[in-house]
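Report on the following structure.
We count ligands from 1, going down the list as the structure has it; atoms in each ligand are counted the same way.
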Amino acid sequence: MVSTKTVLGGFEFDNCLMNAAGVWCMTKEELEEVKDSVAGTFVTKTATLDYRAGNPEPRYQNVPLGSINSMGLPNQGLTYYLDYLLELQEREPERTFFLSLVGMSPNETHTILKQVEASNFNGLVELNLSCPNVPGKPQIAYDFEMTEQILSEVFQYFTKPLGIKLPPYFDIVHFDQAAAIFNQFPLRFVNCVNSIGNGLYIEDESVVIKPKNGFGGIGGEYIKPTALANVHAFYQRLKPEIQIIGTGGVLTGRDAFEHILCGASMVQLGTTLQKEGMEAFQRITEELKAIMAEKGYEKLADFRGKLQYID
Ligand code: RRO
């Protein structure tokens with residue numbers, strides 16, 4: 001029997017596929033749909049302390065090889081997601097879900113995390129260090145000093161299972177420097193990767209999204225090689241207690257297989273889920289299982305991280 005179940009941060013999941021933060025996770029209704037699909041779990045839209053309307057529309061566009069977005073962190077505010085998760089964990093105590101969050105400043109991040117720490121929330125927290133779309137706010141994880149400082153401060157009071165959502169890195173030295181920082185902390189996971197920040201897509205003579213004169217995060221088919229490189233680079237460098245979530249360019253079971261081969265313990269669907277809808281979870285799960293069956297693999301551990309090199 002072929003199984004795609006997985007373990008992440010000490011929690012078991014029936015399937016290694018789930019949504020990526022930002023897609024199908026803005027409201028309780030959307031989150032319930034992901035929960036009730038074949039996805040192993042869900043992650044919420046990244047929550048800030050207060051409700052945010054986000055950037056002006058149009059702010060997301062599907063394009064032939066992926067997507068471009070500059071949503072600007074629209075979300076219902078922490079309390080909405082936290083209250084829902086607290087209610088859900090009473091209703092479905094045997095399952096584990098992810099809460100994505102970040103503050104609009106380091107102080108706000110601490111305020112949010114202290115609220116989560118003080119609550120009864122018993123799931124996983126994903127701290128988003130890689131939002132590319134808030135005008136005037138650089139991606140935190142591209143500033144290594146700031147990243148190290150925030151994580152140092154967080155782990156002085158935060159004791160619940162925590163991981164971080166990372167932007168793609170493009171230089172081996174940056175993989176080394178980032179991993180050296182992450183290895184100092186009791187992180188449960190890193191999630192590679194968020195969208196490739198600040199791309200520009202043009203149709204005829206115009207940009208296709210309104211915010212930032214068309215600059216936006218790129219997802220989908222465009223980003224798979226970058227995503228795989230980041231998954232594998234961190235799989236090679238991080239201590240084994242820090243697991244990897246692979247996100248970026250998963251259109252097929254083969255793409256999910258490649259993420260796992262690079263070291264991912266969980267695989268997220270972003271642009272594909274946005275384009276195809278919930279059926280994507282079933283289709284990609286079946287495609288992944290068919291590849292595993294053909295290769296004689298029964299579980300993810302049979303091939304996770306076992307990417308072959310050329311001597
Ligand atoms: O809301 C967004 O604009 C957004 C976020 Br927070 C993120 O982390 N990644 C992205 O592509 N868009």
Could you check whether the rings of Phe234 and Phe175 sit parallel, tilted or perpendicular, using 30° and 60° as the cut-offs?
perpendicular
Within the side chain of Arg52, is there an N or O that forms a donor-acceptor pair under 3.5 Å with the backbone of Gly72?
yes
Ion pair [X]/[Y], N-O distance below 4.0 Å:
{"X": "Glu276", "Y": "Arg283", "value": "yes"}
{"X": "Arg91", "Y": "Glu32", "value": "yes"}
{"X": "Lys45", "Y": "Glu30", "value": "no"}

Going by the closest heavy atom to atom 8 (O) of ligand 1, which one wins out of Asn194, Thr46, Thr271?
Asn194
With respect to atom 5 (C) of ligand 1, which of Gly54, Pro211, Cys131 exhibits the smallest heavy-atom separation?
Cys131
Which of the ligand 1 atoms, numbered from 1, are nearer than 4.0 Å to a heavy atom of [X]:
{"X": "Met71", "answer": "1 (O), 2 (C), 3 (O)"}
{"X": "Pro74", "answer": "1 (O)"}
{"X": "Pro132", "answer": "7 (C), 9 (N), 10 (C)"}
{"X": "Asn128", "answer": "6 (Br), 7 (C), 8 (O)"}
{"X": "Leu73", "answer": "1 (O), 2 (C), 3 (O), 6 (Br)"}

May I ask you to identify, for [X], whether its side chain, its backbone, both or neither come under 4.0 Å of ligand 1 on a heavy-atom basis?
{"X": "Asn133", "answer": "side chain"}
{"X": "Met26", "answer": "neither"}
{"X": "Asn69", "answer": "side chain"}

Looking at Tyr80, is Lys28 sitting on its ring face, NZ or CZ under 6.0 Å from the six-membered ring centre and within 45 degrees of the normal?
yes
Identified ring-ring contact (aromatic ring centres under 6.0 Å, His included) counterpart of Phe97 within the set Phe13, Tyr84, Phe121, Phe42:
Phe42
Any Gly22 heavy atom less than 4.0 Å from ligand 1:
no
Does any N or O atom in Lys45 lie less than 3.5 angstrom from one in ligand 1, N or O only?
yes
Residues pairing under side chain to side chain donor-acceptor pair (under 3.5 Å) where one sits in residues 251-262, two or more places apart or in two chains, turn out to be Lys224-Asp255, Lys224-Glu258, Thr252-Asp255, Arg254-Glu258
